[in-house]
K.L.:
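First the structure, which I've put down as structure tokens, then a few questions once you've had a look.
Position 1 is the first residue of the sequence, and the numbers go up from there. Order of appearance sets the numbers: ligands from 1, and atoms from 1 within every ligand.
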Amino acid sequence: MIHVVLFGPPGCGKGTQAKILKKKFGFIHLSTGVMFRHHIKCKTNLGKIVHYYLNQGLLVPDHITINMLNVEIKKNISSRGIIYDGYPRTKNQVSSLEKILKEKSLGKIDVIFYFSIEKSLLINRLLNRGKITYRDDDTDLITVQRRIEEYNKETACIWNEEKWKNIIVNVTATSSIKNVSLFIENKIMNFF
Ligand code: AMP
């Protein structure tokens, strides 16, 4: 089972690429953002709790996010591969992911695609996406800025341990959707 992490700031194109890869390779796509928005829409108990964090552009506390993600991993233990989109976002989430993969003998994180893009481009991309998708957290400038701050503060450094260096692949997120997906697909082919 292959574990592919798509990593980068909000608005860098992870979600778009995850959908393409899911179709191409038949992998499971786990997006914590999509899961949270689904809970909010369906007004579940979890949705009521996390609503505040998403609206503010803050990270949802680790214990909630980790539990939710682990349930999904356990549901998909016989899949060919999993694409993680928006997870992990903290060091705790990284170690929890390593732990559950080990406990369930599901392999390890195989590759981390690290999307890089200038901050000034991100804000416009997010605000434009908000106009199309009506995502509350994409339409308000303050929330958008807070999400980028959260990324810089909590998330950007999570792979700084030496052991990840060999599996990080840098992606130029400003290339076209097609070029980015071809680049990623080629790298993933090496795992078969
Ligand atoms: P996204 O769709 O990935 O941009 O996520 C939208 C929002 O969901 C984020 O701004 C956070 O409030 C929350 N969220 C998504 N993934 C995580 C995560 N791994 N850890 C904490 N909060 C998350």
K.L.:
Quick test: of every protein heavy atom, which one is nearest to atom 16 (N) of ligand 1, and how far off is it to 0.1 Å?
P.N.:
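The protein heavy atom lying closest is T32 OG1, 2.8 Å.
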K.L.:
Starting from atom 9 (C) of ligand 1, locate the nearest protein heavy atom and write down its residue, its atom name and how far away it is, to 0.1 Å.
P.N.:
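The protein heavy atom lying closest is R89 NH2, 4.0 Å.
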K.L.:
So does K99 pair up with E103, basic N to acidic O under 4.0 Å?
P.N.:
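Counted as a salt bridge, because a side-chain N and a carboxylate O are separated by less than 4.0 Å.
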K.L.:
Identify the protein heavy atom lying closest to atom 20 (N) of ligand 1, giving its residue, its atom name and the separation to 0.1 Å.
P.N.:
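Going by distance alone, atom 20 (N) of ligand 1 is nearest to Q93 NE2, 3.0 Å.
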K.L.:
Is the closest basic N to carboxylate O distance between K75 and E72 below 4.0 Å?
P.N.:
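A salt bridge links K75 with E72.
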K.L.:
Heavy atoms only: which of L58, V50, V60 is nearest to atom 12 (O) of ligand 1?
P.N.:
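Selected option, by shortest heavy-atom distance: L58.
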K.L.:
Show the atoms of ligand 1 that are less than 4.0 angstrom away from any heavy atom in R147.
P.N.:
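Per the distance check, 4 (O), 10 (O).
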K.L.:
Look at the side chain of H39 and the backbone N and O of I49, then say whether any donor-acceptor pair between them is shorter than 3.5 Å.
P.N.:
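No; zero donor-acceptor contacts below 3.5 Å.
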K.L.:
Please verify the inter-ring angle class for Y114 with F7; under 30° counts as parallel, over 60° as perpendicular, anything in between as tilted.
P.N.:
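The rings of Y114 and F7 stand perpendicular, inter-plane angle above 60°.
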K.L.:
Under 4.0 Å from ligand 1, counting heavy atoms only, is it the side chain of E154, its backbone, both or neither?
P.N.:
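The answer is neither; E154 stays 4.0 Å or more away.
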K.L.:
Answer with side chain, backbone, both or neither: which part of K14 has a heavy atom less than 4.0 angstrom from an atom of ligand 1?
P.N.:
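K14 to ligand 1: no contact under 4.0 Å from either part.
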K.L.:
Can you report which non-hydrogen protein atom sits closest to atom 23 (C) of ligand 1, along with the distance?
P.N.:
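Residue, atom and distance for the closest contact: F36 CE1, 3.7 Å.
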K.L.:
Would V34 count as being in polar contact with ligand 1, using the rule that some N or O on each side must be under 3.5 angstrom apart?
P.N.:
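Between V34 and ligand 1, no N or O pair is found under 3.5 Å apart.
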K.L.:
Is the ring pair Y84/Y87 parallel, tilted or perpendicular, if the boundaries are 30 and 60 degrees?
P.N.:
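Rings of Y84 and Y87: tilted, 30 to 60°.
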K.L.:
Hey, which atoms in ligand 1 end up nearer than 4.0 Å to a heavy atom of T65?
P.N.:
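Near T65, meaning under 4.0 Å from one of its heavy atoms, ligand 1 has 18 (C), 19 (N), 20 (N), 21 (C).
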K.L.:
Mark yes when over 12 heavy atoms from residues, nucleotides or ligands other than F192 sit less than 6.0 Å from its CZ; otherwise mark no.
P.N.:
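Yes, CZ of F192 has more than 12 neighbouring heavy atoms, counting only those of other groups under 6.0 Å.
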K.L.:
Flag the pair M1 / L101 as yes when at least one side-chain heavy-atom distance between them is below 4.5 Å, and no otherwise.
P.N.:
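Contact flag for M1/L101 side chains = no.
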K.L.:
For ligand 1, which atoms have a heavy atom of Y87 less than 4.0 angstrom away?
P.N.:
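The list of qualifying atoms is 19 (N).
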K.L.:
Please assess D137 against R146 for the test salt bridge (charged side-chain N to carboxylate O under 4.0 Å, His left out), listing each intermediate value before the final yes or no.
P.N.:
CA-CA 10 Å; D137 60 343; R146 198 171 297 126; over 6 Å; no
K.L.:
If we set the cut-off at 4.0 Å for heavy atoms, which region of R37 has an atom near ligand 1: side chain, backbone, both, or neither?
P.N.:
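Just the side chain.
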K.L.:
Looking at ligand 1, does R135 have a heavy atom less than 4.0 Å from it?
P.N.:
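Yes; R135 lies near enough to ligand 1 that a heavy-atom distance drops under 4.0 Å.
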K.L.:
Kindly indicate whether the side chain of I158, heavy atoms from C-beta on, has any atom under 4.5 Å from the side chain of R89.
P.N.:
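Contact flag for I158/R89 side chains = no.
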